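Below: one structure, written as structure tokens.
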Protein chains: 2
Amino acid sequence: MTTLKDLSRALNLSVTQVSRALNDHSDVSEATRERVKIAAKHLNYQPNISARRLVTGRSGLVGLVMSYMSESPQDRQFLDVVGGMSKHFARAGLQFVLHMADPDEDEVSVYRKLVSGGGIDGFVVLDPKINDKRLAYLKKAGVPFVLHGRDCVAPDYPFFDIDNFRVGYELTRHLLEQGHRRIAFLNGSPGRTYVAHRTDGYRAALAEFDVPFVPGLMRNDQMSEGFGIRDTIRLMDKVSQAPTAFIAGNTWIAKGIYEGLRALGLRVPQDVSVVAHDDLLPDVHAGAMLPPLTATESPLHLSWEPLARFLSASLAGTDVSELQSLDAARFVQRGSVAPPVPR
Amino acid sequence: MTTLKDLSRALNLSVTQVSRALNDHSDVSEATRERVKIAAKHLNYQPNISARRLVTGRSGLVGLVMSYMSESPQDRQFLDVVGGMSKHFARAGLQFVLHMADPDEDEVSVYRKLVSGGGIDGFVVLDPKINDKRLAYLKKAGVPFVLHGRDCVAPDYPFFDIDNFRVGYELTRHLLEQGHRRIAFLNGSPGRTYVAHRTDGYRAALAEFDVPFVPGLMRNDQMSEGFGIRDTIRLMDKVSQAPTAFIAGNTWIAKGIYEGLRALGLRVPQDVSVVAHDDLLPDVHAGAMLPPLTATESPLHLSWEPLARFLSASLAGTDVSELQSLDAARFVQRGSVAPPVPR
DNA sequence: CATGCCATCCGAAACGTTTCGGACAACCGG
DNA sequence: CCGGTTGTCCGAAACGTTTCGGATGGCATG
């Protein structure tokens with residue numbers, strides 16, 4: 001293993017200057033900086049993390065904590081999430097530590113342990129809940145993190161999110177404009193912030209059209225095809241109050257809705273309209289469904305790069321204001337919406 | 001943060017003795033050991049792992065390098081693999097670093113880079129190829145690793161493998177005993193060691209029954225349903241030389257074979273017999289197929305725990321001989337095999 | 001020519017731990 | 001009483017990095 005001392009010997013420089021050259025400090029001439037960097041590459045020098053961490057507070061390690069819920073539909077996104085993060089952190093020179101927590105272990109204590117004993121510089125936090133305990137801890141402890149999603153409208157930490165209020169609003173409004181008044185929303189798991197944001201958008205659009213909010217039309221469950229099938233049938237069974245249109249939280253749910261409706265002998269969009277939010281997941285394409293599904297779309301796989309970038313920049317001291325991104329989903333009209341049939 | 005120095009001051013002892021007391025070394029009296037441990041707990045002492053790692057040369061980090069092949073069917077195992085590893089390493093007090101390599105980057109150089117910083121203590125290596133360059137490098141560099149699979153019959157490194165020779169042998173032999181003589185084998189990707197081992201078992205069984213090996217009946221491709229469908233149809237199309245039985249490398253392939261045969265109007269097992277190796281993957285259950293699939297079974301998800309255990313034990317200095325495990329797959333007879341129909 | 005400034009460099013300390021080599025006393029057998 | 005053993009202890013070095021405080025020489029300014 002090559003150390004700074006080896007380099008300094010080889011270059012006839014002090015250890016100090018070599019270190020400063022490699023870390024792009026100010027008081028080292030351009031010529032020697034070049035010389036040092038070339039030699040470092042040539043001798044295949046890699047800084048010793050432990051030594052660096054001992055003297056600075058930093059380890060060059062970033063973490064992602066997940067809890068293992070076997071067989072949940074999210075699992076299919078897992079490669080995308082973890083692979084994407086890892087790849088981008090590797091490029092930023094950070095090592096990506098994946099910690100799979102025991103499901104019965106307290107979430108916060110996992111973070112605490114990793115911070116105090118494991119020396120992890122910062123975290124990527126996914127899937128925020130309302131009043132998220134992890135966020136509360138990380139904020140209080142002053143540990144850097146980046147969030148996929150948001151806690152509130154204007155947080156003071158780095159985040160990457162899409163405008164889920166608008167997603168809810170636009171999908172609902174589109175249906176309202178076509179004349180629908182009983183609109184069911186098969187949303188995601190309760191307690192998630194993005195689900196709440198979409199609900200807010202939904203209610204805002206209803207309010208604009210003076211349509212009362214009917215709690216029974218808002219369904220919350222883990223996003224899956226099964227949820228779509230089940231709740232479609234349950235909702236359509238209440239004949240007199242059955243919805244004329246459905247909003248699906250993602251394309252898996254939408255696929256379930258399609259199947260549920262087909263099972264009931266109903267056609268999309270002639271009998272019932274359907275719209276969805278489309279994360280552009282690898283396995284279900286809204287445009288390839290029959291009929292093609294009208295949706296707001298926003299590729300989930302584009303999240304990992306900015307998340308990784310934001311966290312490494314945050315560790316490097318970049319101001320929070322530059323590390324916040326709120327994307328708007330794109331509304332794509334296809335063939336799954338028609339005016340409601342009168343009953 | 002309390003350090004050893006703080007403790008030594010408070011206890012009126014040397015730093016050395018405090019360290020030795022806490023680490024249960026021999027030459028410290030029982031009395032002071034107690035005294036030290038109580039004080040440590042009282043002052044809430046946490047050893048600084050960076051300092052410890054600096055002096056011991058260990059980082060406490062273990063790595064898994066994967067290359068990102070988007071959309072390959074392996075992706076569905078990814079959560080299982082990575083999640084399982086992470087969980088078990090966390091229990092062993094090791095941090096699990098996942099490195100997603102750029103597909104165009106040289107495999108070996110990735111390892112070299114990770115090793116040379118004193119960064120990573122050891123690796124888990126998956127999916128060994130014949131003449132695997134990663135193994136060659138790790139062996140030469142003296143970096144600890146554990147392999148899922150084997151290089152050769154009796155390697156000198158820790159590994160966890162199942163007896164793939166026997167898998168090939170038993171499945172083939174079972175079909176031979178039922179009278180089959182033209183047996184197709186839809187195996188895995190070429191170049192993998194386990195694929196070669198299964199092929200060897202297949203050939204050994206054929207030889208015992210004096211059945212010549214027909215190269216055209218051995219098909220190698222990435223394990224997927226599509227492979228099963230395609231090659232079943234291609235093989236059955238050569239009417240006069242069509243196989244009377246199929247061996248599938250895993251249950252995805254088997255599912256493809258079932259579908260291919262159904263598409264051709266052929267029944268299992270009346271017209272064609274099928275057997276497979278079953279990794280007990282989460283999404284396709286051999287016993288739940290129609291007809292239930294006769295298979296050798298060996299749960300893949302039981303691999304991760306021993307792999308993690310072997311690697312951490314290897315790092316702790318346990319002898320290699322105790323860190324090698326070769327499991328036999330269990331042969332389960334179900335309803336997918338019948339004697340061949342005479343043509 | 002004296003002064004100050006700038007660019008470039010270096011020695012040494014520091015981070016907190018483990019461990020090597022030795023010190024000191026007490027005790028034992030001869 | 002002596003040599004050796006045993007049970008406790010300690011000082012100091014080492015791990016590889018960053019960084020503080022200064023050192024040196026060249027150059028322009030007055």
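Note that the coordinates shown come from a computational prediction; the quantities given were computed from them, not determined experimentally.
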TODO: Please work out if A:Ser19 contacts a base, only the sugar-phosphate, or nothing of the nucleic acid, heavy-atom cut-off 4.0 Å.
DONE: base
Task: A:Leu4 CG to D:dC15 C1', straight-line distance once rounded to whole Å - done: 13 Å
Open item on the list: Rounded to whole Å, how long is the line connecting atom CG of A:Leu11 with atom C1' of C:dC9?
Closed with: 14 Å
Open item on the list: Which nucleotide wins on minimum distance to the side chain of A:Gln17, given the candidates C:dC10, D:dC9, D:dG16?
Closed with: C:dC10
Task: Residue met sooner reading DNA chain C from 5', once A:Asp27 and A:Ala51 are mapped to nucleotides - done: A:Asp27
- [ ] Could you tell me the separation between the CG atom of A:Asn48 and the P atom of D:dT17, rounded to a whole number of Å?
- [x] 6 Å
- [ ] Calculate the interatomic distance between A:Asp24 atom CG and D:dT19 atom P; express it in whole Å.
- [x] 13 Å
Open item on the list: With nearest nucleotide decided by heavy atoms, which residue, A:Asn23 or B:Thr32, maps closer to the 5′ end of DNA chain D?
Closed with: B:Thr32
Open item on the list: Do the side chains of A:Asp106 and A:Arg112 get close enough for a salt bridge, i.e. N-O under 4.0 angstrom?
Closed with: no
Open item on the list: Does the plane of the ring in B:Phe123 sit parallel, tilted or perpendicular to the ring in B:Tyr111? Use 30° and 60° as the thresholds.
Closed with: perpendicular
- [ ] Have a look at B:Ser26 and say if it touches a base, only the backbone sugar-phosphate, or nothing, with a 4.0 Å heavy-atom cut-off.
- [x] nothing
TODO: For B:Arg53 and D:dA14, give me the distance from atom CZ to atom C1', rounded to whole Å.
DONE: 19 Å
Task: Sugar-phosphate, base or nothing in reach of B:Ser50, heavy atoms under 4.0 Å - done: nothing
- [ ] For A:Leu54 and D:dT19, give me the distance from atom CG to atom P, rounded to whole Å.
- [x] 13 Å
Open item on the list: What's the closest nucleotide to the side chain of A:Ser14 if the choices are D:dT17, C:dG11, D:dC10?
Closed with: C:dG11
Task: Closest nucleotide among D:dC9, D:dT18, C:dT17 to the B:Val55 side chain - done: C:dT17
Task: Whole-Å distance separating the CZ atom of A:Arg20 from the C1' atom of D:dT17 - done: 13 Å
Task: Listed partners of A:Arg20 passing salt bridge (charged side-chain N to carboxylate O under 4.0 Å, His left out), at least two apart - done: A:Asp27
TODO: Please report, rounded to the nearest Å, how far the P atom of C:dC15 is from the NZ atom of B:Lys5.
DONE: 6 Å
TODO: Could you check whether the rings of B:Phe160 and B:Phe310 sit parallel, tilted or perpendicular, using 30° and 60° as the cut-offs?
DONE: tilted
Open item on the list: I'd like to know if A:Thr16 reaches the base of C:dG11 with its side chain, counting only an N/O donor and acceptor under 3.5 Å.
Closed with: yes
Task: Among C:dT19, D:dT19, D:dC15, the nucleotide that comes nearest once only the side chain of A:His25 is considered - done: D:dT19
Task: Spacing of OG belonging to A:Ser312 relative to CG belonging to A:Asp121, to within rounding of 0.5 Å - done: 11.0 Å
